[in-house]
Amino acid sequence: MSGTDRQPTAQSGEVARLLSYIALLAVSVGLFIEARAIPTSRFEVLGAGAFPMLVHGCLSLLLIGSIAGSLRKLPGDAYGRFVSDVLLWVRTRRLVIVLFVCLGVYVLSMPVLGYPVATFFFLLVLQVTLAPKTRLAFGIALALALIFSFGLNWLFAEVFNVFLPRGG
């Protein structure tokens with residue numbers, strides 16, 4: 001079996017579960033601390049934060065027990081395999097990750113660059129990344145990026161009188 005055909009192990013799943021328990025415990029402890037800061041009124045003996053503190057305290061105890069159970073199940077070498085499984089997962093899904101990174105950059109750059117410029121670069125980068133690496137594919141990608149960025153901006157501004165973000 002080659003490195004790309006390998007499936008994640010059950011132990012890697014247990015390590016991932018352990019990490020999720022730790023993350024949930026951190027959130028629960030943070031919310032417990034925040035609940036302590038809820039002001040009390042003169043009409044309540046326990047205060048408004050009593051119920052959230054009870055819930056997050058119980059949840060924290062359950063998560064500590066789950067963490068202990070996960071730690072008992074795992075052999076020492078499971079952590080190294082987990083890292084290799086995560087790297088394999090990232091490598092097999094690299095195009096999806098590139099798409100989400102490009103989408104994040106696009107959304108963040110829209111207020112700065114404006115709709116036409118941000119959309120042009122977003123579409124061009126994605127199409128060049130995903131399309132075959134030929135001159136014809138690049139020409140089509142360039143034409144589509146121009147049409148769907150500057151062309152749509154013109155259509156909305158001139159025909160519909162709707163102005164897309166200009167940038168600043």
Side-chain angles (χ1 to χ4, degrees), residues 2-9 11-39 48-49 52-53 55-56 59-60 63 66-67 70 78-168:
S2 72
T4 57
D5 296 338
R6 197 169 60 88
Q7 294 295 318
T9 63
Q11 291 173 345
S12 290
E14 190 63 38
V15 172
R17 191 173 298 114
L18 172 65
L19 293 175
S20 70
Y21 292 155
I22 292 169
L24 286 171
L25 178 63
V27 169
S28 187
V29 167
L31 289 172
F32 180 88
I33 293 169
E34 286 295 316
R36 290 181 59 207
I38 296 175
M53 287 172 54
V55 168
H56 288 293
L59 183 60
S60 294
L63 286 166
S66 297
I67 289 169
S70 285
Y79 301 102
R81 279 184 284 193
F82 173 75
V83 171
S84 68
D85 286 345
V86 167
L87 292 175
L88 174 67
W89 184 87
V90 167
R91 194 172 29 248
T92 57
R93 289 156 180 88
R94 67 187 173 279
L95 291 178
V96 174
I97 293 168
V98 165
L99 181 126
F100 279 109
V101 167
C102 286
L103 183 62
V105 169
Y106 173 62
V107 168
L108 292 174
S109 68
M110 176 89 67
V112 177
L113 299 176
Y115 174 83
V117 176
T119 303
F120 174 75
F121 285 119
F122 171 70
L123 291 174
L124 187 63
V125 167
L126 270 186
Q127 290 180 90
V128 168
T129 302
L130 299 174
K133 308 299 184 241
T134 64
R135 285 185 176 187
L136 177 63
F138 181 75
I140 292 171
L142 184 63
L144 288 173
L146 283 169
I147 290 168
F148 285 103
S149 59
F150 293 100
L152 276 180
N153 189 51
W154 175 85
L155 177 71
F156 273 82
E158 298 300 322
V159 177
F160 302 128
N161 280 335
V162 174
F163 299 98
L164 299 173
R166 298 188 195 279

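- The closest donor-acceptor contact from the side chain of R94 to the backbone of R91 lies under 3.5 Å.
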>> Could you walk me through whether S149 and V117 satisfy the side-chain contact (heavy atoms from CB on, under 4.5 Å) test, starting with their C-alpha distance in whole Å, then the side-chain angles of each, then the deciding distance to 0.1 Å, before giving a yes or no?
In response: CA-CA 7 Å; S149 59; V117 176; over 6 Å; no
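- Within the 3.5 Å criterion, the main-chain N or O of W154 finds no donor-acceptor partner in the side chain of E158.
- One finds the CG atom of L19 at 9.5 Å from the CD1 atom of I67 (value rounded to the nearest 0.5 Å).
- Taking all atoms of both residues into account, the shortest heavy-atom contact from P111 to V107 is CD-O, 3.4 Å.
- Of the possible polar contacts, one joining the S28 side chain to the H56 backbone as a donor-acceptor pair under 3.5 Å is found.
- Taking the six-membered ring where the residue is Trp, Y106 and F122 present parallel rings, their angle staying beneath 30° rather than reaching 60°.
- A donor-acceptor pair under 3.5 Å is formed between the side chain of T92 and the backbone N or O of W89.
- Interatomic distance, I97 CD1 to C102 SG, rounded to the nearest 0.5 Å: 12.0 Å.
- Of all non-hydrogen atoms in S109 and A118, the two that sit nearest each other are OG-CB, 3.7 Å.
- L152 contributes atom CG, which lies 9.0 Å from atom CZ of F160 (distance to the nearest 0.5 angstrom).
- When all heavy atoms are compared, the tightest approach of F120 to L142 is CZ-CD1, 3.7 Å.
- Atoms OG and CZ, on S60 and F32 in that order, are 7.5 Å from each other to the nearest 0.5 Å.
- With S84 contributing its side chain and R81 its backbone, the two residues share a donor-acceptor pair below 3.5 Å.
- Put simply, CG on L123 and CD1 on I147 are 11.0 Å apart, with the number rounded to the nearest 0.5 Å.
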